[in-house]
Amino acid sequence: MDAPWWQRAVFYQIYPRSFASARGRPTGDLAGIEQRLDHLDWLGVDAVWLSPFYPSPMADFGYDVSDHCDVDPLFGDLGTFDRLLASCHARGLKLLVDLVPNHTSDQHAWFRAARSSRDDPQRDWYVWRDGVPGTPPNNWVAAFTGGPAWTWDDATGQWYLHQFLPQQPDLNFANPEVVEAVHGIMRFWLDRGVDGFRIDVAHGIGKDPALPDDPPESAGMPHSALNDTVETHELLRGMRKVADSYPGDRLILGEVFLLSTERVATYYGNGDELHLSFNFPPLFAPWDASRWRRQIDDATHHIVDRFGGWPTWVLSNHDNVRHRTRYGGSEARARAAVFLLLGLAGSPVLYAGEELGLEDAVIPEERRVDPGGRDGCRAPIPWDGTRDHGWGVEDAWLPWPPEADARNVAALRDDTGSILHLYQRLLAARRATTALQTGALERLDAVEGAAPGVVAWRRWDDAGAVVVVVNMGEAALVDVEGTVLVASDGMGEGEAFGGVLGADRAVLIAAR
Ligand code: NOJ
């Protein structure tokens, strides 16, 4: 059987507020994304994941949804969405939307009803507990605030649960009406033709009915990074069935924010839960060869070997400091890092702007807006070197990222030696090399043994073999023979590999 499209695909995350504005406004919109699809075509990615664009009071910039089946006027309307989806499909791009099932906005009609009275028919759609003010039902900590994951509702005299902000009450998936309502949201978007969902906090939706305290050793850790309970798996099986009931390999890609690949792997189930799961331990691993070898082995062992799952690789997104900044700011490292994303076995997820080698923006105190401190990685994409960087407004909702005058799409397109062209060449090589998409992977212990700062692996299938070498240490001798297909510094492409790899350099080699 042919591999489903999502195993061969490279995903590209767009954070709609920050991507492009068609209306000359400080925040991006869906029509702006449609106008910029040429960039994605040229780059050579296969699928787009859109962060939320639904009606929202924006307490968490769209992850507090007040209507899951509409578009916030800030971003357009359902007609604009349909046009964007049609344009993606016309170009052969798949489109995933972000499904946020764990919680709603406190302004959602469901929560307004639930909060109106203890007797409201929708009261039980959220998680309420008796108690007294000042003593939350358990020790769970909310993300972003660091305070209790419970808020006291004075009018009705109970606590409600929120793993995130108080404005994001958790839905109660123990109630079958909630399960059905979420399936209804999925069908709404699947019927419109989306290719699947990125599921927010996929591991968080089920709750242990006893709501036990988190262990003391995890004190201070948000409960959302700890919630790992059997109830969730049945719920994901239900969501998987909804996706699988549509033709065309519709995908559910879950955000499982548990900092253990062993635990993440369990959310692939028995081939009946998530098709794909994010795996964040590699994102948090430093630029260190031994740590990365471990991450690769963990993904292979837990996800592939134990669960028959298909790994994913991601280094940046809208929640974390961009990887170039995390790795110390050097462009050479950012260039080498993309060989991990596009060379390892699994589906890569790129974050808009990493192809420009963007660093996090420096956000002055008075411009900080995110309660989770994540503004830096959400800076707007600079499209050109003009004063408004292609936005039609001189100042966007967040400050421009560093060096936007020179580090923008137009300028880097004009420079064939740029990181943008490196991404394009490596994506093209991946498209042309089935071994890189779906081939087997073996780490090259002998090569790594001779050069401790190096991570090296081989990918192969019936059509051929390639070797990827990433040097996270000092310049090293690398015993691999073959032709350089792509080099992180652009040197020697098309020539025989010379056997020496500089510090923070990477190569893709067609093996002999
Ligand atoms: C994970 C999302 O990626 C993040 O941006 C959001 O704040 C939380 N989930 C809550 O929805």
Side-chain angles (χ1 to χ4, degrees), residues 11-19 27-28 49-68 72 96-108 111 126-127 140-147 149 151 160-171 173 182 185 197-207 221-228 232 252-259 264 267 274 276-280 283-284 312 314-322 349-352 360 368-379 397-398:
F11 293 81
Y12 183 92
Q13 181 195 356
I14 290 179
Y15 192 69
R17 291 181 81 88
S18 305
F19 194 67
T27 46
W49 148 36
L50 285 183
S51 279
F53 49 77
Y54 316 111
S56 165
M58 303 288 169
D60 188 14
F61 296 103
Y63 283 94
D64 49 323
V65 180
S66 53
D67 180 352
H68 294 80
D72 195 287
L96 305 187
V97 297
D98 210 312
L99 178 69
V100 188
N102 178 69
H103 44 267
T104 67
S105 162
D106 62 348
Q107 299 306 310
H108 195 295
F111 190 70
Y126 294 84
V127 184
W140 293 2
V141 168
F144 312 140
T145 68
T151 287
Y160 69 85
L161 175 67
H162 52 87
Q163 295 189 73
F164 297 89
L165 297 172
Q167 298 95 318
Q168 293 169 292
D170 274 46
L171 282 163
F173 277 82
V182 168
I185 296 165
F197 303 94
R198 176 268 191 185
I199 303 180
D200 192 60
V201 204
H203 64 297
I205 58 179
K207 310 289 180 320
M221 200 81 149
H223 180 72
S224 57
L226 301 166
N227 195 81
D228 181 19
T232 301
I252 59 172
L253 156 60
E255 182 211 24
V256 177
F257 195 90
L258 295 171
L259 297 182
V264 166
Y267 288 81
L274 298 173
L276 291 177
S277 175
F278 280 110
N279 177 38
F280 292 114
L283 186 149
F284 294 113
T312 61
V314 63
L315 290 177
S316 286
N317 60 28
H318 65 295
D319 289 331
N320 294 285
V321 172
R322 284 182 177 275
V349 186
L350 310 179
Y351 177 49
D360 264 31
R368 291 187 194 155
V369 289
D370 177 43
R374 299 162 292 181
D375 297 318
C377 62
R378 298 174 177 181
W397 76 292
L398 287 170

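Read the numbers this way: they start at 1 and go in the same order the structure lists the ligands and their atoms. Sequence positions, counted from 1, serve as the residue numbers for this chain.
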For this session: Mind checking the CZ-CG spacing from Phe197 to Asp98? Nearest 0.5 Å is all I need.
Result: 10.5 Å
For this session: For Ser18 and Arg378, indicate whether the former's side chain and the latter's backbone hold a donor-acceptor pair under 3.5 Å.
Result: yes
Exercise. Given Asp200 and Arg198, is the salt bridge (charged side-chain N to carboxylate O under 4.0 Å, His left out) satisfied, shown in steps?
Worked result: CA-CA 6 Å; Asp200 192 60; Arg198 176 268 191 185; 2.8 Å; yes
For this session: Kindly state whether the ring of Tyr63 and the ring of His318 have centres lying under 6.0 angstrom apart.
Result: yes
For this session: Please confirm whether Tyr15 and Phe61 have ring centers closer than 6.0 angstrom.
Result: no
Please tabulate protein-ligand N/O pairs under 3.5 Å for ligand 1, atom names and distances to 0.1 Å.
from, atom 1, to, atom 2, distance (Å)
ligand 1, 3 (O), Arg198, NH2, 3.0
ligand 1, 3 (O), His318, NE2, 2.9
ligand 1, 3 (O), Asp319, OD2, 2.5
ligand 1, 5 (O), His318, NE2, 2.9
ligand 1, 5 (O), Asp319, OD1, 2.7
ligand 1, 5 (O), Arg374, NH1, 3.2
ligand 1, 7 (O), Asp60, OD1, 3.2
ligand 1, 7 (O), Asp60, OD2, 2.5
ligand 1, 7 (O), Arg374, NH1, 3.0
ligand 1, 9 (N), Asp200, OD1, 2.8
ligand 1, 9 (N), Asp200, OD2, 3.3
ligand 1, 11 (O), His103, NE2, 3.0
ligand 1, 11 (O), Asp200, OD2, 2.7

For this session: Would you please say whether a donor-acceptor pair under 3.5 Å links the side chains of Asn227 and Gln163?
Result: no
